[in-house]
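Let me begin by presenting the structure, written as structure tokens, before commenting on it.
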Amino acid sequence: MPLRLYNTLTKHIEPFIPGDPSHITFYTCGPTVYDDAHIGNFRSFLAADVLRRWIESPLCDVQAEGGARHRGPRRVTHVMNITDVGHMTDDAEGGESGEDRMSVAGRRLLEAKKAGKLPDNVSVDPSNPYQIAEFYANRFVEDARRLGLKVAIESQQDPTLMPRATQKVAGMIQVIRRLIDRGHAYAVGEPGKQTIYFHVPSFAPYGKLSGNTLDQLAEGKGGRISAANQAQKKHPADFLLWKSDPSHVMKWDSPWGTGYPGWHIECTVMSAERLLLPGAPASGVVKQAAGGVGPALLDALVHLTDQTGIIDLHSGGEDNIFPHHECEIAQSCAAFNTHPEKGTFARMWFHPRFLLVDGEKMSKSKGNFYTPRDLFEKGIEPAAIRFEIIKTHYRSNANFTEQGLKDSQRTVDRWRTFLERADQGARDSSVDPEVGRWFALAMSNDLNIAEAIAEVNKWISRTHEPSLNDGMMMRTFDNVLGVLELSRAATAQTEIGVFRDGLAPDPAVLAKLNERAAARAGKNFKRSDEIRDELAKMGYGIKDIAGGKVEVRRA
RNA sequence: GGGCGGGUGCCAGAGUGGACAAAUGGAGCGGAUUGCAAAUCCGCUGCGCAAGCUUCGUGGGUUCGAAUCCCACCCCGCCCUCCA
């Protein structure tokens with residue numbers, strides 16, 4: 001069965017039909033970097049990652065235009081932006097002052113610096129918003145790589161896969177200019193200090209993605225818009241493309257005045273610039289000529305398209321559906337399509353749902369707020385975190401729990417053991433003919449990852465003596481799930497102990513292990529059990545393994 | 001007020017007209033193994049000895065038949081111009 005996905009735009013599960021089934025273009029709305037990303041953020045990024053890995057898999061079939069079936073593997077160009085612009089001066093969360101988020105982050109960093117909580121090797125100037133953004137962007141990419149986010153790994157070789165909004169402002173200005181030229185945007189205010197708005201009534205399909213219609217949108221219900229800004233718009237739903245504000249912490253020159261771009265415009269530009277002509281390297285010459293615009297975007301601005309969807313896939317958290325992606329569709333189609341009202345920008349819109357923790361919303365005040373860093377520090381390995389976060393269907397609210405994390409760790413351990421055994425297994429044994437098919441069927445059914453995992457588990461249970469071929473099969477599955485390939489904390493070995501979970505051989509622990517070994521040798525099992533309990537109280541779990549050694553893990 | 005995604009067994013989480021008392025993992029129980037554990041393997045885990053009975057948010061309905069379809073209601077999550 002070819003891949004089918006729930007399309008937020010049509011509200012149906014439907015075949016994913018890309019423009020070119022041998023090469024998929026995929027854009028994911030990435031993080032805003034004013035703080036460390038948390039596991040909730042990562043849920044949507046990892047769901048997108050699993051999707052792209054599945055599309056790349058040799059097991060995945062995709063329907064081509066005209067109905068033909070395209071068999072995997074195939075190439076995916078996956079772009080994920082980093083929003084490193086603060087650009088929210090009306091931001092309610094910044095406090096009554098509507099303070100910019102980067103400024104808030106700066107204050108927080110300054111406090112951390114004063115308190116000596118910043119790592120020594122980090123030099124960041126808390127008064128410099130660009131440095132703050134860079135600081136958090138780097139930390140994000142680091143976390144993402146540890147969790148196996150492929151786009152973050154690839155961006156080491158090809159940084160254009162993770163573009164930064166601050167470096168794409170020239171392109172945004174070009175697109176805004178185009179929107180004004182085509183009558184979709186207008187300026188208010190005095191020349192040199194103008195604000196540019198997208199005029200929503202100029203794009204008839206506005207609202208299709210979110211299900212909102214202009215008359216149903218209750219203006220101000222979200223409590224985030226200021227009356228003063230509303231008053232100057234032609235229509236209450238019109239949204240910001242450019243704001244002239246020389247006092248802003250991050251600002252650029254533009255034909256309309258010094259200021260900053262609107263939030264939505266950045267994704268239009270970053271996706272178009274990298275994905276419209278897949279593989280075309282950004283040429284320095286063209287960039288110069290176009291004022292910093294890449295060739296794909298330049299081409300899009302010169303040659304309008306008749307295609308409905310000009311990129312194949314677009315993903316983002318469920319909160320992005322409205323207004324962000326709604327606005328992105330409007331402005332992208334208005335800028336790039338011959339007939340904007342016929343456009344959808346992306347052929348398929350993919351929105352993972354939010355993650356809950358212990359059945360509740362994650363929040364700092366509830367104490368159920370986790371970042372991957374928090375968990376790494378506790379010695380939880382990336383593979384377990386990744387598995388726990390991806391194991392639930394992307395369109396329901398997953399529940400992240402400590403028990404779940406333990407369950408996930410066990411599964412990861414079992415799968416690893418299976419793979420290790422398979423790698424030492426027979427050479428010429430044939431692989432189970434069923435499991436690949438079931439796995440593919442599950443994944444192609446709107447990414448039913450839980451069922452796919454169940455198929456892997458059943459297969460492992462019935463495969464008592466895995467062969468080399470089974471190992472290859474397991475790797476094929478894991479290339480999709482991305483779990484076993486993740487690095488884990490090094491194992492430290494001593495004469496007696498094998499220390500897992502990144503534990504260092506503590507002399508106190510070693511002493512106890514030796515004492516226990518002696519007790520056992522003398523058949524003093526009472527004492528040896530006491531020692532096990534003592535170690536448990538110290539936070540260590542032990543088990544006897546082959547060769548007379550003891551494996552030590554965090555309890 | 002409006003738009004959207006969900007609600008399944010002790011927990012997590014599949015299933016979306018009959019093969020469903022409901023996959024898979026965890027937890028629990030029993031057994032093999034182990035000095036005891038751990039890991040692994042086997043069996044059980046709604047009620048009932050059984051034929052059978054009662055379950056899939058709640059209440060109605062459609063159907064020979066519903067966890068699955070329809071209607072109403074309740075709950076959780078997201079959104080209605082910062083948010084994964």
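Naming convention: chains lettered A, B, ... in sequence-line order (proteins, then strands); numbering from 1 in each chain.
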Using Watson-Crick or G-U wobble geometry with both distances below 3.5 Å, tell me the partner of [N], or none.
{"N": "B/rG43", "answer": "B/rC29"}
{"N": "B/rA66", "answer": "none"}
{"N": "B/rG48", "answer": "none"}
{"N": "B/rG17", "answer": "none"}
{"N": "B/rU54", "answer": "none"}
{"N": "B/rA22", "answer": "none"}
{"N": "B/rG77", "answer": "B/rC4"}

Taking any heavy-atom pair under 4.0 Å as a contact, classify [X]: base, sugar-phosphate, or nothing.
{"X": "A/Asn399", "answer": "sugar-phosphate"}
{"X": "A/Arg520", "answer": "base"}
{"X": "A/Arg410", "answer": "sugar-phosphate"}
{"X": "A/Gly404", "answer": "nothing"}
{"X": "A/Glu318", "answer": "base"}
{"X": "A/Ala37", "answer": "nothing"}
{"X": "A/Leu355", "answer": "base"}
{"X": "A/Lys391", "answer": "sugar-phosphate"}
{"X": "A/His393", "answer": "sugar-phosphate"}
{"X": "A/Asp413", "answer": "nothing"}
{"X": "A/Tyr6", "answer": "sugar-phosphate"}
{"X": "A/Ser528", "answer": "base"}
{"X": "A/Asn397", "answer": "base"}

Practice task
Can you label the angle between the A/Phe42 ring and the A/Phe140 ring as parallel, tilted or perpendicular, going by 30° and 60°?
Solution key: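 Ring orientation of A/Phe42 relative to A/Phe140: parallel.
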Practice task
Determine the interplanar angle of the A/Trp459 and A/Phe477 rings, folded into 0 to 90°, and report it as parallel if under 30°, tilted if 30 to 60°, perpendicular if over 60°.
Solution key: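 The rings of A/Trp459 and A/Phe477 stand perpendicular, inter-plane angle above 60°.
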Check the distance between [N]'s [atom2] and [X]'s [atom1] and give it to me in whole angstrom.
{"X": "A/His351", "N": "B/rC79", "atom1": "NE2", "atom2": "P", "result": "13 Å"}
{"X": "A/Glu402", "N": "B/rC11", "atom1": "CD", "atom2": "C1'", "result": "14 Å"}
{"X": "A/Glu451", "N": "B/rU24", "atom1": "CD", "atom2": "P", "result": "11 Å"}
{"X": "A/Glu328", "N": "B/rU81", "atom1": "CD", "atom2": "P", "result": "18 Å"}
{"X": "A/Leu447", "N": "B/rG15", "atom1": "CG", "atom2": "P", "result": "12 Å"}
{"X": "A/Glu388", "N": "B/rG13", "atom1": "CD", "atom2": "C1'", "result": "11 Å"}
{"X": "A/Arg353", "N": "B/rG3", "atom1": "CZ", "atom2": "C1'", "result": "12 Å"}
{"X": "A/Asn41", "N": "B/rC82", "atom1": "CG", "atom2": "P", "result": "17 Å"}

Any donor-acceptor pair under 3.5 Å from [X] side chain to [Y] backbone:
{"X": "A/Asp478", "Y": "A/Leu484", "value": "yes"}
{"X": "A/Lys549", "Y": "A/Val498", "value": "no"}
{"X": "A/Arg52", "Y": "A/Phe26", "value": "no"}

Handout entry: Side chains of A/Phe350 and A/Arg395 in contact at under 4.5 Å (non-hydrogen atoms)
Key =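 A side-chain contact is absent here, since even the closest heavy-atom pair is not under 4.5 Å.
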Problem - Residue closer to the 5' end of RNA chain B, A/Asp319 versus A/Thr411 (nearest nucleotide) - result: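 In this pair, the answer is A/Thr411.
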Practice task
Hey, which sits more toward the 5' end of RNA chain B by its nearest nucleotide, A/Ala450 or A/Arg395?
Solution key: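 It is A/Arg395 whose nearest nucleotide is closer to the 5' end.
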Can you tell me which nucleotide in [options] comes closest to the side chain of [X]?
{"X": "A/Phe239", "options": "B/rU81, B/rU24, B/rG13", "value": "B/rU81"}
{"X": "A/Leu356", "options": "B/rG5, B/rG35, B/rC76", "value": "B/rC76"}
{"X": "A/Lys361", "options": "B/rA23, B/rG26, B/rG77", "value": "B/rG77"}
{"X": "A/Asn457", "options": "B/rA84, B/rG5, B/rG25", "value": "B/rG25"}
{"X": "A/Arg414", "options": "B/rG35, B/rG25, B/rC80", "value": "B/rG25"}
{"X": "A/Phe354", "options": "B/rA23, B/rC78, B/rA39", "value": "B/rC78"}

Exercise for the section: Indicate, yes or no, whether a donor-acceptor pair under 3.5 Å links the base of B/rG15 to the side chain of A/Asn448. Expected result: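 Side chain to base: no pair below 3.5 Å.
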Exercise for the section: Evaluate the side chain to side chain donor-acceptor pair (under 3.5 Å) criterion for residues A/Asp84 and A/Tyr136: first the C-alpha distance (whole Å), next the side-chain angles of each, then the deciding distance (0.1 Å), finally the verdict. Expected result: CA-CA 9 Å; A/Asp84 52 359; A/Tyr136 284 115; over 6 Å; no
Practice task
Evaluate the criterion side chain to side chain donor-acceptor pair (under 3.5 Å) for residue pair A/Asp407 and A/Gln403; output intermediate values, then yes/no.
Solution key: CA-CA 6 Å; A/Asp407 293 356; A/Gln403 183 58 49; 3.0 Å; yes
Practice task
State whether A/Lys406 places a side-chain N or O below 4.0 Å from either non-bridging phosphate oxygen (OP1 or OP2) of B/rA27.
Solution key: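 No, A/Lys406 has no side-chain N/O under 4.0 Å of OP1/OP2 on B/rA27.
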